[in-house]
2 protein chains.
Amino acid sequence: MEIRGHLDLLLLSVLDSTGPVHGYAVITALRDRSEGTFDLPEGTVYPALQRLERAGLVASRWDDTTPRRRRVYELTDDGHRARAAKKREWGGFVVGVQAIIGPMAAAGPA
Amino acid sequence: MEIRGHLDLLLLSVLDSTGPVHGYAVITALRDRSEGTFDLPEGTVYPALQRLERAGLVASRWDDTTPRRRRVYELTDDGHRARAAKKREWGGFVVGVQAIIGPMAAAGPA
DNA sequence: TTTCCATACCCAGGGAACCTAGGCATAGAA
DNA sequence: TTCTATGCCTAGGTTCCCTGGGTATGGAAA
């Protein structure tokens with residue numbers, strides 16, 4: 001499933017709802033919550049998290065308390081604000097697309 | 001407003017609902033129907049229409065009956081099928097995103 | 001004990017998409 | 001006559017996301 005342009009919102013949303021979490025868990029959360037719709041390769045998610053960190057929306061640190069060494073990410077204050085802003089933007093985007101493509105077909109009767 | 005990955009669906013939808021139409025009119029239709037949300041530069045739309053034509057989803061011809069020479073686009077049979085498929089895909093995409101980001105805030109009371 | 005899978009991190013490079021920033025030309029209004 | 005809206009186009013850059021690797025450990029299975 002294509003993500004183009006909305007990956008940041010998804011990542012920020014996961015980090016917002018889970019709190020501090022490592023990258024691999026973000027991938028599984030995305031897959032589980034979307035029931036398989038968003039099964040993203042690591043080569044997508046790790047660089048994206050780094051990009052968000054460079055942008056100051058996310059902060060990371062190593063967690064050495066677990067058996068396996070992990071890098072743990074969490075939202076910064078800017079990240080929280082960016083998530084909220086991108087969510088509103090998403091709402092407008094959906095409205096715009098629906099206006100162009102027309103309503104989705106209703107689910108058929110049982 | 002970002003379009004990433006969903007431009008084809010928008011273009012195919014406009015062509016589907018208008019029938020044969022020239023590129024500039026596609027741009028204005030997109031802007032008007034979305035109430036300004038999708039105000040796309042020509043440098044986005046013209047190359048995209050060409051790409052759709054190369055993909056066989058759209059056919060074009062010159063229309064010399066109007067005072068100004070125009071290139072008119074319309075959907076092929078494959079284009080109609082692609083539009084329907086992409087619309088279904090869009091539905092799944094929205095469901096997936098909503099599952100991750102949570103419900104949108106309700107509009108406030110009047 | 002060895003083998004395999006899931007976990008967990010990373011990077012280089014490629015391809016595609018979209019936009020910027022132009023160029024060219026005509027019709028009609030001011 | 002000059003300006004704006006219409007109408008077409010392209011080259012090139014940027015950014016994004018993915019492919020296809022590499023490295024390593026923990027735990028289960030054989």
Quiz item: Once the angle between the rings of A:His6 and A:Phe93 is folded into 0 to 90°, is it parallel (under 30°), tilted (30 to 60°) or perpendicular (over 60°)?
Solution: tilted
Quiz prompt | Flag side-chain contact, heavy atom, 4.5 Å: B:Tyr46 against B:Arg71 | solution = no
Practice problem: Apply salt bridge (charged side-chain N to carboxylate O under 4.0 Å, His left out) to B:Arg83 and list each qualifying residue two or more places apart in sequence or on a separate chain. | Solution: B:Asp16
Quiz item: When the nearest nucleotide of DNA chain C is assigned to A:Tyr73 and to B:Pro47 on a heavy-atom basis, which residue is associated with the more 5' position?
Solution: A:Tyr73
Quiz prompt | Side-chain touch A:Arg70/A:Tyr24, heavy atoms, less than 4.5 angstrom | solution = no
Self-check item: Closest listed nucleotide, where the reference is the side chain of B:Arg71 and the choices are D:dC8, C:dC18, C:dC10
Solution: D:dC8
Quiz item: With sequence neighbours left out, what residues match A:Arg68 under salt bridge (charged side-chain N to carboxylate O under 4.0 Å, His left out)?
Solution: none
Practice problem: List the atom of A:Ile27, the atom of A:Leu40, and the distance in Å for their closest heavy-atom pair. | Solution: CG2-O, 3.6 Å
Quiz item: Between C:dC19 atom P and B:Leu49 atom CG, what is the distance in whole Å?
Solution: 13 Å
Quiz item: Short question: side chain of A:Thr76, backbone of A:Leu57 - any donor-acceptor pair under 3.5 Å?
Solution: yes
Quiz prompt | Integer-rounded Å distance: D:dC18 C1' and A:His6 NE2 | solution = 17 Å
Quiz item: Does OP1 or OP2 of D:dC8 have a side-chain N or O of B:Tyr46 closer than 4.0 Å?
Solution: yes
Quiz item: Of the nucleotides C:dC18, D:dC18, C:dC9, which one has an atom closest to the side chain of B:Leu7?
Solution: C:dC18
Quiz prompt | Spacing between B:Glu53 atom CD and D:dC8 atom P, to the nearest angstrom | solution = 13 Å
Quiz item: When the distance from CG of A:Leu40 to C1' of D:dC17 is rounded to whole Å, what number comes out?
Solution: 9 Å
Quiz item: Would you say A:Arg69 reaches C:dT7's phosphate, i.e. side-chain N/O to OP1/OP2 under 4.0 Å?
Solution: no
Quiz item: With Watson-Crick and G-U wobble geometry limited to distances under 3.5 Å, how should the secondary structure of DNA chain C be encoded in dot-bracket form, using | for bases paired to another strand and [ ] for crossing pairs?
Solution: ||||||||||||||||||||||||||||||
Quiz prompt | Short side-chain N/O contact to D:dC16 OP1/OP2 from A:Arg51, under 4.0 Å | solution = yes
Quiz prompt | Close approaches to DNA chain C from residues 20-27 of chain A, in residue order (heavy atom, under 4.0 Å) | solution = A:His22, A:Gly23, A:Tyr24
Quiz item: Tell me, do B:Leu10 and B:Phe38 make a side-chain contact under 4.5 Å, heavy atoms counted?
Solution: yes
Quiz prompt | Residue whose nearest DNA chain D nucleotide is more 5′ - B:Val72 or A:Gly43 | solution = B:Val72
Quiz prompt | Pair B:Asp8-B:Lys86, side-chain contact (heavy atoms from CB on, under 4.5 Å): steps then yes or no | solution = CA-CA 8 Å; B:Asp8 289 0; B:Lys86 281 175 188 293; 4.1 Å; yes
Exercise. Quick one: closest heavy-atom pair of B:Ser13 and A:Ile101, and the distance?
Key: OG-CG2, 3.3 Å
Quiz item: With sugar-phosphate meaning primed atoms plus P, OP1 and OP2, does A:Gln50 contact a base, only sugar-phosphate, or nothing at under 4.0 Å between heavy atoms?
Solution: sugar-phosphate
Practice problem: For A:Arg81, check side chain to side chain donor-acceptor pair (under 3.5 Å) against everything at least two apart and list the hits. | Solution: A:Asp78
Quiz prompt | Co-membership, hydrophobic cluster, residues A:Val97 and B:Val95, 4.5 Å side-chain | solution = no
Where do N or O atoms of nucleotides 25-27 of chain D meet protein N or O atoms at under 3.5 Å, pair by pair?
| unit_1 | atom_1 | unit_2 | atom_2 | d |
| --- | --- | --- | --- | --- |
| D:dT25 | O2 | A:Arg68 | NH1 | 2.3 |
| D:dT25 | O2 | A:Arg68 | NH2 | 3.0 |
| D:dG26 | O4' | A:Arg68 | NH2 | 3.1 |

Quiz item: For the pair made of CG in B:Leu52 and C1' in C:dA17, what is the distance, rounded to whole Å?
Solution: 12 Å
Quiz item: What is the distance, rounded to the nearest whole Å, between atom CZ of A:Arg61 and atom C1' of C:dC9?
Solution: 16 Å
Quiz prompt | Protein-nucleotide distance (B:Asp63, atom CG; C:dT26, atom C1'), rounded to Å | solution = 15 Å
Quiz item: Can you check the A:Arg31 CZ to C:dA6 P distance for me, whole Å?
Solution: 10 Å
